[in-house]
Structure formats: C-alpha cells, structure tokens
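Heads up, the thing below is written out as structure tokens.
Keep in mind it's a predicted model, so treat the numbers as computed, not measured. Every chain is numbered from 1, with letters handed out A, B, ... down the list of sequences. Reckoned from all heavy atoms, side chains included, excluding hydrogens, waters and symmetry mates.
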There are 4 protein chains.
Amino acid sequence: MTDSVTRPRARGADKRRRLTAAATKVLHEQGVERTTLADIARAADVPVGNVYYYFKTKDELVQAALAEHTAHLDELTAGLDRLPDPRDRLKGLVEAWMGGRDVAARYGCPTGTLAAELDKRADGVLDVEAGRVIRRLLDWAERQFRELGRPDPDRLAVTLVAGYQGMSLLANALRDPEIMTGEGTRLIRWLDTLPAPPSAPRQA
Amino acid sequence: MTDSVTRPRARGADKRRRLTAAATKVLHEQGVERTTLADIARAADVPVGNVYYYFKTKDELVQAALAEHTAHLDELTAGLDRLPDPRDRLKGLVEAWMGGRDVAARYGCPTGTLAAELDKRADGVLDVEAGRVIRRLLDWAERQFRELGRPDPDRLAVTLVAGYQGMSLLANALRDPEIMTGEGTRLIRWLDTLPAPPSAPRQA
Amino acid sequence: MTDSVTRPRARGADKRRRLTAAATKVLHEQGVERTTLADIARAADVPVGNVYYYFKTKDELVQAALAEHTAHLDELTAGLDRLPDPRDRLKGLVEAWMGGRDVAARYGCPTGTLAAELDKRADGVLDVEAGRVIRRLLDWAERQFRELGRPDPDRLAVTLVAGYQGMSLLANALRDPEIMTGEGTRLIRWLDTLPAPPSAPRQA
Amino acid sequence: MTDSVTRPRARGADKRRRLTAAATKVLHEQGVERTTLADIARAADVPVGNVYYYFKTKDELVQAALAEHTAHLDELTAGLDRLPDPRDRLKGLVEAWMGGRDVAARYGCPTGTLAAELDKRADGVLDVEAGRVIRRLLDWAERQFRELGRPDPDRLAVTLVAGYQGMSLLANALRDPEIMTGEGTRLIRWLDTLPAPPSAPRQA
DNA sequence: CATGAATGAGAATTCATTCAT
DNA sequence: TATGAATGAATTCTCATTCAT
C-alpha cells in the first residue's frame, strides 16, 4: 500500500543516485569537458531527457560528483577514526591510496584531476567547491598530526596530501601503478619516522 | 638590413612562434578542451583561418605547446647544469619552481595539468607525449641524484617531482601560493639533508 | 483517432522519411559533394541541427538515399514480377526507364551517377554499397533472362543495364531526353528479337 | 643564346602542360569536387600560389582537362582514320576502349564521369563543354557509320557510345574490368554483323 | 515525472582565391 | 613571373538545454 506511494519517489531517488554514481565515474574517467550528458545518462541507464528532472545543468552533475567524493572521503576517514592511534590512521589513509593504484595510474586521483580541470575555469564556483573537498582531507590529516603532538600539523598535512596528489599525477602520466606503491611506501616510512612527543593523549 | 631579405621567411617563423607561445599560455590557463582555436588565434593576433597554415589541427597546437614546455625545461636545466654541485642544481630547480608560485597557484603546473587533461583521452597519442616531458624532468633529476652518489636516484627523482606536482596541485586547488613556498622550502631542506658519500666527483 | 496516440512516434518517423526523400532528391540533382546538409535540411523543412538526430553523418544520409533507391527498384521489379512473361517484365523495365527520360536528361540515372561519384572516393564503403544497388538490378534482370531460357543470362543482364546507364549518361550530357526514347526503343526491339527456346516454363 | 630568352617562356609553357596533365589525371581519379587545387599543384610539382598565373580559377583547370580529353580523342581518331575501312576504324575504337579497361574499372570513363559530375551544376557552362567532347566522339562515330552506308548513322553512333559509357560505368561500379572485355567483345561482334551496302566508297 | 525530439549556438576544419614581396 | 603566406566564407558536426506530449 504505502509502496504505491513511496515507490515513485523511491524510484526517483534511485535514479538520482544512479546518475550521481555514473557522473562520478564517467567524469573521473573522461574529464568534465569530454563528458557529455548523454555519456552520463547512458552510464546511468537513464533517458537523456529525463536527466533534467534531477539535475538542471551539467554543472549540477559535476557538483554531485564532488559531493560524492566528499562522501567517499568521509566514509574512509570515519573508518580510520576508529583506530586508536592517529599515526595508524594516517598510515591507513596512505594504504587506502595505495589500494587505488591501478585506477590512479589510469585516471589519476578523482578529486585531484577534477580540481585541476575545474580550476581552469574563469568563473570561480565549482573550482572553489573542488578546493573544499581537498581542504576537507587536509583538515582531517591536520587533526591527526595535531593529535600526534606535532608542532606544525597543517604543514605536515599539506606535505602528506601533496605527496598523494604528486604520486597520483606521476603514476597517471607515466601509466605506472608502481609509482603509487613506491611513494606510498615512502610516505608510510616517513609517518613511522615522525617522532611523537611523550604524552599526547588522544583528544576526543 | 639583412632583415629586409629574411623578412618573409622570418615573418612566417615569427607567426609560428607567436602561435606556439599563445597556445602554450592559453592552453595552460584555460585547459585544452575549453580553449578554442579562436582563443589562440586572438592571443597570437592571427586570423583563425591562417592558423591552419601553420598547424593542421588543434592537436598539433597542443603538441607545439608540449614541445615548448620541453624547451623551457631544457633551458632551465641547461642553466642549472652550469652549477658545479648537483645538490645546488637540484636546489636551483626547486627555487625555480618556487619562483613560479603565483602562476602555479592560479593555473597549476603547466606540464602537470596538461598531462592530467590529456590522460583522460581514450586515444593514447598526446598523453604519451605529455608523459615524455615529465619523464625528461625525472631523468634529469635522476642524473643529479646519481651524481650525488645516492643509491636510489630514480626513486629520489620521483619523490622530488611528485613533490612539485603535488604542491602545485594543492596551491592551485586552494589558490594559495604560500603552499609553493612552504613545500618548496621543505624540499630544499630535504635536499640539504641528503647525505653525500665522501668522494663523488662530478661526472662529465 | 489512433493517430493522436501514434503521433509522437509517427512524427519522428515522418521526419526521417522526409529527410530521406529530400536527400534522395537533392543528392541526385546536385551530387553528393555539392550538396550541403543545409540543402537537404531546407528541402525537408527541418532545422539543420535536428538532422543529426536522425542521421549522425552526411554519409548516413547518402546511405539512406542508396537504400531509397534500392526500395524504389524493389517496388518496380515487384510490380513487373506480376507479369507472366519474363520478356514482358524486361520490356516493362525498359519502359519504366523511358518514362523517366526527362529526369535522366537533366540529372542522369540516380543510381548510376551516385555510384560514379562515390567511386571516386578513396575509402571503399559507400561505393561498395552503391555497387550493390546496381548488382541487385543486374540480378533481377539475369533472373528474367534465365527464365526466358537464354544460355548467357548474366551477360545479357549486363548488356541491358549497361544500355540503360549509357543512354542515361548520354541523354544527360547532351541534355536530350530523346536519346532515352530512341535507345529505349532499340532495347525493346532487341528484347523482342531474342529467341526463346520452345518450352521454358516459368520457374517459381 | 636564344635559350636564355625562350627558356622562361618555354618553362612557363611546360608548367602549363604539367598542370594540365596533372589536372586531367587527378580530376579523373578523385572527381572535380574532391580535388583541391593543392592536389593538382602537388601532382604537377608546381607551387600552389603559382597555379594562378596559368589558370585563374579552378574551373579553368577543369576546362583544360576537358580540352585534354578532346585532344586525346582527336589523336585517337586521327590514328584510326588511317585505316581504310570504317568498320575497322570503329572496331579499333572499341579495342582502344577495351585497352583502358583497368582504368575504367577503377575510375570510370574520364569524359563520362566528368560530364556526369559537371551536369550536376546549376550553372550551365562547363557541363555544356563536357557535352561537346562527347558530341565530338558521337560525330566521329556517326561519320564512320555513314561511310559504312548505314541509313541511321546518328542512331548507331549513340548506341555505340552509350554502350561504351554503360560498360564503363558498370565496370567501375562493380570494380570489374572483365565487364569491359565482355561488352567490348559484344560491340565488336555487333559491328561485324552490321551489313554494309554493296558500294559505299570512302568519302574523303 | 518521463521521454523522444528539437534547437541553436558554437567549434574545428577546408579551401578557393588573393596578396605582398 | 614566382611563391609562401594570408583570408574569410562555408561546411560538417557536437551538445547543452528545452519542449511537447
């Protein structure tokens, strides 16, 4: 009974989800400019004309993809946050990056390449949005370094994330996943090396 | 005086150079896909129809831009090669990167963003070309590290260049040139820290 | 009444048909190379941009015109096939050709001129397709000659069709429809002259 | 001595000849519309910009090709005219056609395809010119048939030439040189069969 | 909401023709 | 004359967005 009422709405939400997922994937693989709405519609198995009931413009789909990346990031960090040691959390992050080496070698870091492409735009709307996703990652990393008792957590966070972005770009440009492995290992070693002050109890 | 003789040929070569320079600049600022031939023609002050006398396709202009980046790189490394100490050469490279912080913060690393965008293409032609430019930088850096007597020069080269690409991307995404300064400083410190074996005479 | 239901789909199919018809006509009159998509769109009263909804490339429109010629041919031969005597069928074909004398004198044989133009292309795609249409006519004629009991039906079919193509080209080049009449009459006389063996019953 | 004076002019005449020859060949192979001036210039090994000193427009080059075809035809018929028997002359013509079977199978009859293409034009200038070349061939054939004492020489000439055009087109469309051989043989047999009245002395 | 169809504003590319030297 | 270099009008094709049903 309630089905007949909620079904259509549920269907709609499902389509929206499928479109978002398709956009995230296709935009990452082909880039924003080379991706047509038809590409996304096809990947989501939604008729082109119907897309506009969920996303009024192409940019809204890009935004949805950015939101998806944020959600992925949150999910990842939420999982890591369950680890008691901030150092282990950071190492877990690097390991997650290394796990995505093949995709990175083929298409680069999803967020990074998206940000790079959007930053070419004259209007500063979506590029700011892309910056926010990266900032979110930086903030999380910074919290971990701070918890570790490092005096310059923001700087270290930049170093860590820049390392990820750099290795992804190189792996992509050279089409070599091993770069992800090599640099990832280096980052983990680096994290291991970082001295932690005697008593830096975890802050809630 | 002799100009009046070489003028016609010089004119043509000049236009080609202007087009190449314009392409390099505009493609960096707007990205490949968002740049129209008209954009490049306008920037070079050349009628659109005339562009095709020099470059048969848009892709050839992209290729010319890649060649330009290679040339810039060669010029830079040639200058650095005059320094006697390989460590100083590497530090000089990082300083050059830091010198370009404002451009990087606005548009990213010219080569890196180009490579990232081209890597989204299905056909592997120009993206391979872009990879070559980055490889060239890696090779140069590797030579310096080897000359420094380091046991793993290729790995170190990757770390250095990845550091550059990462800091450029972050600086660009966050629109913050200071990231270039901060990370650049870190890289220089890192280079200073690298132990050099007792006697590693420069190899011609 | 039911129209109101099928309208949307019918509309699309209708446009496609209009475009095909327009393409067939205009391509015949102006030739493939001299015909622009705008010409066809105008003749079909369809906005240019919309043409691509139905035909992805200009070549697909040419192909549609070829298919149209095939359909016309099939229609014609289907009608002739109702005649009991294969000789009458062949004569009916020639008469149909003569009936088109004015168009032939102005623009040549639609299929023949199309084939001639397409054969100039380096890539062998559409020209093969054009050859198929002519082959189809040859095959039909061959069947009639065989049914007539002639020992060399394929040779005779070539002679007949070559006669048609030749007279069309001459009529066109000299802008003289009378050539169609004169040569057509000769072909009919020739068909009448052909001896038929005593008992050559029609084969289903 | 006179060389230095006549050389430039001779050179010019030579270039004109080369351009005409190149135009004849390339226009036959690629068709008028698909042939660019650059194509012809390249084939003639003449700089593009220089073409215009010899031919003010592309159409003039087409006209030159038509004139070339006329010249070829005249040369051919002049040779045949040395034969005492008009029937042999006609048979010689057919044999010449058969000799060109491979070219015909690939590109069609040079004059015929040119005429067919030019006839698609709205303006009636070059197409009339093309008609003239064919008319010239018809006239020559007609003279032979008349000399043979046939009562309807014009009709027979049309049949002969139409036979040639038809077999060329079929050979071309089906890419089969054997059609030229088969139909050529038929034409020769046909010419042999034509009864000649008792006393038809050759007319100067 | 759903959907096929429409629309029009570009974009890349081609090429005959002209020009400056 | 000779020639590389313009030039601009045309042409094919793409696509985000909108519309009618």
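Atom pair D/R16:CZ and F/dT1:P shows a separation of 10 Å (rounding to whole Å applied). As rounded to whole Å, 13 Å separates atom P of E/dA2 from atom CG of A/D45. Rounded to whole Å, the distance from CZ on A/F55 to P on E/dC1 is 13 Å. What separates CG of C/L61 from C1' of F/dT11 is a distance of 14 Å, to the nearest Å. Atom pair C/D14:CG and E/dG4:P shows a separation of 19 Å (rounding to whole Å applied). Counting to the nearest Å, the C1' atom of F/dA2 and the CZ atom of D/R18 are 13 Å from each other.
Distance alone, capped at 3.5 Å, places no donor-acceptor pair between the C/K15 side chain and the C/V51 backbone. In this structure, B/K58 contributes its side chain and B/L37 its backbone to no donor-acceptor pair below 3.5 Å.
Sorted by first and then second residue, the salt bridge (Lys or Arg N to Asp or Glu O under 4.0 Å) pairs with a member in residues 20-31 of chain D read D/K25-D/E29; sequence neighbours excluded.
Residues passing the side-chain contact (heavy atoms from CB on, under 4.5 Å) test with A/E33, sequence neighbours excluded: A/E117, A/R121, B/E33, B/R34. Partners of A/V48 under the side-chain contact (heavy atoms from CB on, under 4.5 Å) rule, at least two apart in sequence or in another chain, are A/A38, A/A41. Here B/D127 pairs with A/R175, B/L118, B/D119 under the side-chain contact (heavy atoms from CB on, under 4.5 Å) rule; sequence neighbours left out.
Where the helix from E/dA2-F/dT21 to E/dT21-F/dA2 starts and where it ends, the local axes point in directions that differ by 20°; five pairs per end, rounded to 10°.
Closest to the side chain of C/K15, from the set F/dT7, E/dT7, F/dA2, is E/dT7.
For A/R16 against A/Y54, the heavy-atom pair with the smallest separation is NH2-O, 3.1 Å.
Interface remark: the A/Y53 side chain does form a donor-acceptor pair with the E/dA2 base, using a distance-only criterion of under 3.5 Å.
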Protein-to-nucleotide contact annotation, 5' to 3' order, nucleotides 11-16 of chain E [B base; S sugar-phosphate only; - none; under 4.0 Å, heavy atom]: SSBBBS

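Nearest-nucleotide positions on DNA chain F place D/V51 closer to the 5' end than the other of D/V51 and B/V51.
B/I40 pairs with exactly one of B/T20, B/T35, B/T24 by the side chain to side chain contact (heavy atoms under 4.5 Å, CB included) rule, that one being B/T35.
The OG1 atom of A/T113 sits 11.5 Å away from atom OH of A/Y107, with the distance rounded to the nearest 0.5 Å.
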